Amino acid sequence: MRVAPQFGDRRAGRTYADRPAAFGILERDGQVAVVRIVKPDGAAWIDLPGGGVDPGESPEQGVVREFGEEAGLKVAVREPYAMADQFFVNTEGEAWNNRSAFFVLDLVAEDAALKIEEDHMLVWLSPLEAIAALRHDSHAWAVAAWMRR
C-alpha cells in the first residue's frame with residue numbers, strides 16, 4: 001500500500017483525477033535544478049523539473065524524459081527517495097492529484113536538442129531558495145526531505 005503525504009487543497013465542485021508523476025533533485029555545486037515557467041498570460045512560477053508519467057512509461061523514464069524536455073539536461077536516476085501527492089488545477093483548468101515519485105539524479109550531459117518546452121527555463125537555486133520559491137508544497141517538502149537524508 002502506498003503511503004504518501006497529501007498536499008494542496010481540493011476546490012469545491014471539482015473532481016481530481018489521480019495522475020502518476022515523477023520529479024527529480026539534481027544538485028550541482030550546492031544548488032538544485034528548478035525550472036521557471038512563464039505562460040503567455042504572464043503567469044509565472046518555479047517547479048522541480050518533471051511532470052506526468054506517460055502511459056507505458058516508468059516513473060524513472062518519465063523523470064529522465066521531462067528533464068530533457070524542460071531543462072535540456074540528460075540525467076540518470078541514482079535512486080528514488082520520496083513520494084508525495086499534490087492536488088492542483090493546471091492552466092487548462094484540469095484538476096489533478098499528482099501521485100509523485102521523487103528521485104535523486106546525476107547529470108550526464110547538457111543537450112539543448114532535448115528541450116522542447118519553450119516556456120520553461122532552467123534555473124539553479126540553493127536548496128533553501130528552492131524551498132521558498134517552489135509553487136507546489138509537495139516540491140518544497142521533497143527538497144527538504146532530500147536535504148535531511
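Remember, predicted model here, so these are calculated numbers, not experimental data.
Among all heavy-atom pairs drawn from Ala133 and Ile46, the shortest one is O-CB, 3.7 Å. In terms of heavy-atom proximity, Val53 sits nearest to Pro59 at CG2-CA, 4.0 Å. Of all heavy-atom pairs between Trp96 and Asn90, the closest is NE1-ND2, 3.4 Å. In plain terms, the two heavy atoms of Leu134 and Leu48 that are nearest each other are CD2-N, 3.5 Å. For Arg99 against Asp18, the heavy-atom pair with the smallest separation is NH1-OD2, 3.3 Å. Nearest approach of Gly50 to Glu70, heavy atoms of both residues: O-OE2, 2.9 Å.
In this structure, the ring of His136 has its center no less than 6.0 angstrom from the ring center of Phe7.
Val143 is listed as a side-chain neighbour of Ile25, based on a closest heavy-atom distance under 4.5 Å. The shortest distance between side-chain heavy atoms of Phe23 and Phe103 does not fall below 4.5 Å. A 4.5 Å side-chain heavy-atom check between Asn98 and Asp85 finds every atom pair outside the cut-off. Within the 4.5 Å cutoff, the side chain of Asp41 has heavy atoms near those of the Lys39 side chain. The closest side-chain heavy-atom distance from Pro127 to Met147 is below 4.5 Å. Side-chain contact between Asp119 and Val38: absent, with no pair of heavy atoms (C-beta onward) separated by less than 4.5 Å. In this structure, the side chains of Trp124 and Leu26 come closer than 4.5 Å at one or more pairs of heavy atoms.
Side-chain polar atoms of Asp54 and Gln61 form no donor-acceptor pair below 3.5 angstrom.
In the hydrophobic cluster analysis, where Ile, Leu, Val, Met, Phe, Trp and Tyr join through side-chain heavy atoms closer than 4.5 angstrom, Trp146 is grouped apart from Trp141. Val35 and Met121 end up in different hydrophobic clusters when Ile, Leu, Val, Met, Phe, Trp and Tyr side chains are linked at under 4.5 Å. Taking hydrophobic clusters as Ile, Leu, Val, Met, Phe, Trp and Tyr residues chained together by side-chain heavy-atom distances below 4.5 Å, Val63 shares a cluster with Leu122.
For the pair Arg36 and Trp45, the cation-pi test (distance below 6.0 Å, angle within 45°) is failed.
In terms of the salt bridge (Lys or Arg N to Asp or Glu O under 4.0 Å) criterion, residue partners of Arg78 (sequence neighbours excluded) are, by chain and number, Asp106. In terms of the salt bridge (Lys or Arg N to Asp or Glu O under 4.0 Å) criterion, Glu117 has no residue partners (sequence neighbours excluded).
With rounding to the nearest 0.5 Å, the separation of CZ in Phe87 from CG in Asn97 is 4.5 Å. With rounding to the nearest 0.5 angstrom, the CD1 atom of Ile131 is 11.0 Å from the CG atom of Leu125. Distance check, rounded to the nearest 0.5 Å: OG of Ser100 to CD of Gln86 gives 8.0 Å.
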**Request:** Please test Leu73 against Leu107 for side chain to side chain contact (heavy atoms under 4.5 Å, CB included), starting from the C-alpha separation and ending with a verdict.
**Result:** CA-CA 7 Å; Leu73 298 176; Leu107 180 61; 4.0 Å; yes
**Request:** Just do the side chain to side chain contact (heavy atoms under 4.5 Å, CB included) check on Val89 and Arg14 with the steps written out, would you?
**Result:** CA-CA 9 Å; Val89 177; Arg14 291 220 180 241; 3.9 Å; yes
**Check against side chain to side chain contact (heavy atoms under 4.5 Å, CB included), Phe67 and Leu114** = CA-CA 9 Å; Phe67 257 79; Leu114 294 173; over 6 Å; no
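A perpendicular orientation is assigned to the rings of Phe102 and His139, their planes being inclined by more than 60° (bins at 30° and 60°).
In this structure, the side chain of Tyr16 engages the main chain of Arg11 through a donor-acceptor pair within 3.5 Å.
A salt bridge between Glu94 and Arg19 is absent, with no side-chain N of the basic residue lying under 4.0 Å from a carboxylate O of the acidic one. A salt bridge does not link Lys74 with Glu110: every distance from a Lys NZ or Arg NE/NH1/NH2 to an Asp or Glu carboxylate oxygen is 4.0 Å or more.
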